[in-house]
Q: 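Before I ask anything, here is the structure I am working with.
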Amino acid sequence: MVTDIKREIDLRPTTKIENIVATVILDQSLDLNLIESRVPNVSYQPDQFPGLILRLEKPKTTALIFKSGKMVVTGAKSTQQLIDAVKKIIKLLRKYGIKIVSKPRIQIQNIVASGDINAYINLERAAYLLEDSMYEPEQFPGLIHRMREPRVVLLIFSSGKMVITGAKEESEVETAVRNIAKKLLDLDCLLPKKSE
Amino acid sequence: KLRRWQARSRIQSSIERNLAQAMNELDRLSDQLNLPRNVKEEAARIYRRAVEKGLVRGRSIESVIAAAIYAACRELKIPRTLDEIAKHTKSSRKDIARCYRLLLKELDIKVQTSDPIDFIPRIAHALNLSGSVMKKAAEILHRARSLGVTAGNDPAGLAAAAVYIAAQLSGERRTQKEIAHVAGVTEVTVRNRYKELAKELGIDLPTT
DNA sequence: AAGTTACTTTTAAAAGC
DNA sequence: GCTTTAAAAAGTAACTT
């Protein structure tokens, strides 16, 4: 019974990193108009947004490049993909004659992941018993929970699937899912998916 | 001393000016939304507390009043969606929703999850459906909730689907289009919800 | 009625309005 | 606060076919 459910949710939670947002600092200024005129497939509309948009196909990522030499890279699904993307962006800029001297300083700012605890969740009950949560099915089907440790936000659905966002380290994702699974179990908000 | 009095006076008058303007908005919206008196009075109380806490600074009076009305409706379980309230203002649903969350947090207002059953009377009355249809629709939603098949669904859509099924079963048939219209959802949503409810509750609908 | 596309929610950073 | 990027979850919406 309860111990079976516990075994199910403690061992079955799965997580997958879906998107990593990072800032990259090149200690030098950049001429965005020059980049736009030389590098293909970029978009630069300063009246709409101060950053130049560059999309990479291989590690499918997108970079927002600013004249200060700082950039935001989004879309990577792993730290390795993120690093590969940054190297590729710099190689691309150099290929078109844009001088980049400094080594890029990469900092992960946000990790978005999906998770699944393999048990149905009683959202109404969870909304009532779980602190820092909001559940407004009129607006969004998921329950929004702000966890303090790790400090992340979870979007929890009745299917047992969820979205974890706001993490700075990959390990926080799994910790958060384990934490919420235990809390929901303790609050008796779970319903096992496979009976018996 | 005189300065402090003047400053206080200035602040008080600005609060009063703000309140006066807000109450005018509240009067207008209450009429357009046909709000019961108790909802209007609660919204006024909420707004007054918001002003006293300085929550209106940097926000439009209209958005905050709209949010106060929505909060009052939720507290008193008077069904009004954020969209219908927004329809009567220049503010966006998103902006009002933001103010609503702020009011709940800052004023410690506790609200339960919307109950789709509360939407049944509005839909049924708008279509001249009988009390027995309403009773049946409510029973359908009670059973659905106990089975956990309503999680994540829009309460207005669930109520519309339950009324549709109850009306069919009672021989007071209304089209999905009519029900969807008064419930403020699309026909597709009514269809999706009623099919799921019928399936999960084992209800057989008279063939159309 | 099915299929598409697209919007709702959350997160973080960049420079500037 | 807004603007732009990406991504998942599940529900709803708006068009096409």
Side-chain angles (χ1 to χ4, degrees), chain A residues 15-26 29-30 32 43-56 59-77 81-82 85 106-116 121 123 133-147 151-168 172-173 176, chain B residues 58-60 63 81-83 92-95 97-99 101 150-158 160 176 180 183-193 195-196:
Chain A
T15 58
K16 178 189 177 192
I17 292 179
E18 305 284 358
N19 180 28
I20 296 180
V21 179
T23 46
V24 177
I25 300 177
L26 303 172
S29 58
L30 263 19
L32 301 186
S43 165
Y44 181 44
Q45 293 171 261
D47 51 308
Q48 183 184 158
F49 189 69
L52 175 150
I53 303 168
L54 185 161
R55 283 165 219 277
L56 282 191
K60 194 181 166 229
T61 51
T62 298
L64 304 180
I65 304 176
F66 301 85
K67 63 178 189 288
S68 62
K70 291 183 178 180
M71 45 194 233
V72 174
V73 176
T74 64
K77 291 195 179 301
Q81 266 187 30
L82 170 62
I106 307 173
Q107 195 172 357
I108 292 178
Q109 302 289 165
N110 178 30
I111 295 177
V112 183
S114 55
D116 190 353
I121 301 169
L123 297 184
S133 64
M134 161 172 272
Y135 172 49
E136 299 275 343
E138 211 179 292
Q139 263 161 88
F140 189 69
L143 179 153
I144 300 164
H145 177 248
R146 285 158 206 287
M147 188 177 278
R151 196 168 194 74
V152 300
V153 171
L154 297 104
L155 308 185
I156 304 167
F157 301 86
S158 64
S159 63
K161 292 186 176 177
M162 54 188 71
V163 171
I164 303 84
T165 185
K168 290 275 203 244
E172 295 177 337
V173 172
Chain B
R59 267 170 273 265
S60 81
S63 293
T81 65
L82 262 184
D83 275 314
S92 65
R93 200 209 90 262
K94 194 167 187 167
D95 193 24
R98 182 185 298 129
C99 292
R101 285 170 216 149
T150 60
N153 296 127
D154 178 350
L158 283 169
Q176 289 170 18
V185 297
T186 65
E187 290 174 67
V188 177
T189 294
V190 174
R191 202 173 298 131
N192 290 339
R193 289 306 123 232
K195 282 182 177 174
E196 189 178 337

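Predicted, not measured: the structure shown is a model, and the values here were computed from it. Note on naming: letters A, B, ... go to the chains in the order of the sequence lines (proteins, then strands), and numbering restarts at 1 for each one.
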Q: Does some side-chain heavy atom of B:Asp154 sit less than 4.5 Å from a side-chain heavy atom of B:Thr189?
A: no

Q: Atom NZ in A:Lys60, atom NZ in A:Lys77: separation rounded to 0.5 Å?
A: 8.0 Å

Q: Heavy atoms under 4.0 Å is the rule here; annotate nucleotides 11-17 of chain D 5' to 3' with B where the base is hit, S where only the sugar-phosphate is, and - elsewhere.
A: SSSS---

Q: Is any side-chain heavy atom of A:Leu154 closer than 4.5 Å to one of A:Ile144?
A: no

Q: Can you check the distance between D:dA14 and C:dT9, where both ends of the measurement are the P atom (answer in whole Å)?
A: 16 Å

Q: Base contacts versus sugar-phosphate-only contacts with protein, heavy atoms under 4.0 Å: please encode nucleotides 9-14 of chain C as B, S and - from 5' to 3'.
A: BBBBBB

Q: When you measure from the side-chain N and O atoms of A:Lys67 to the phosphate of C:dG16, is any distance below 4.0 Å, counting only OP1 and OP2?
A: yes

Q: Hunt down the Watson-Crick or G-U wobble partner of C:dT5, both distances under 3.5 Å, from any strand shown, or write none.
A: D:dA13

Q: With sequence neighbours left out, what residues match A:Gln81 under side-chain hydrogen bond (donor to acceptor under 3.5 Å, both in side chains)?
A: none

Q: Under 4.0 angstrom, heavy atoms only, what part of the nucleic acid is B:Arg98 near: base, sugar-phosphate, or nothing?
A: sugar-phosphate

Q: Rounded to the Å, how far apart are B:Arg191 CZ and C:dG3 P?
A: 14 Å

Q: Rounded to the Å, how far apart are A:Asp116 CG and D:dA8 C1'?
A: 12 Å

Q: With a 3.5 Å limit on both atom pairs, tell me what C:dA14 is paired to, counting Watson-Crick and G-U wobble, or say none.
A: D:dT4

Q: Rounding to a whole Å, what distance do you find between A:Arg55:CZ and D:dT4:P?
A: 12 Å

Q: So, is A:Thr61 near the phosphate of D:dT5, with a side-chain N or O under 4.0 Å from OP1 or OP2?
A: no

Q: If the C1' atom of C:dC17 is compared with that of D:dA6, how far apart are they to the nearest Å?
A: 24 Å

Q: Could you tell me the separation between the CG atom of A:Leu155 and the NE2 atom of A:His145, rounded to the nearest 0.5 Å?
A: 12.0 Å

Q: Using atom P of each nucleotide, how far apart are C:dA2 and D:dA8 to the nearest Å?
A: 25 Å

Q: Considering residues at least two apart in sequence or located in another chain, which fulfil the side-chain hydrogen bond (donor to acceptor under 3.5 Å, both in side chains) criterion with A:Gln139?
A: B:Arg101

Q: Mind checking the CD1-CG spacing from A:Ile20 to A:Leu82? Nearest 0.5 Å is all I need.
A: 6.0 Å

Q: State, with a plain yes or no, whether a side-chain heavy atom of A:Glu138 is found less than 4.5 Å away from one of B:Thr81.
A: yes

Q: Atom CG of A:Leu52 and atom P of C:dA15: how far apart are they, to the nearest Å?
A: 14 Å

Q: Would you kindly give the CD1-to-P distance between A:Ile121 and D:dA9, to the nearest whole Å?
A: 14 Å

Q: In whole Å, what is the span from the CG atom of A:Leu54 to the C1' atom of D:dT4?
A: 14 Å

Q: Categorize A:Lys16 for me: base, sugar-phosphate, or nothing, with a 4.0 angstrom heavy-atom threshold over every strand shown.
A: nothing

Q: Can you list everything that forms a side-chain hydrogen bond (donor to acceptor under 3.5 Å, both in side chains) with A:Asn19? Sequence neighbours excluded, please.
A: none

Q: Less than 3.5 Å apart, which donor and acceptor atoms pair up between the side chains of residues 156-168 of chain A and the rest of the protein, not counting sequence neighbours?
A:
unit_1	atom_1	unit_2	atom_2	d
A:Ser159	OG	A:Lys161	N	3.2
A:Lys168	NZ	A:Gln109	O	2.8

Q: What is the distance, to the nearest angstrom, from the CD1 atom on A:Ile53 to the C1' atom on C:dA15?
A: 14 Å

Q: Distance check, P atoms only: D:dC2 and C:dT8, in whole angstrom units.
A: 12 Å

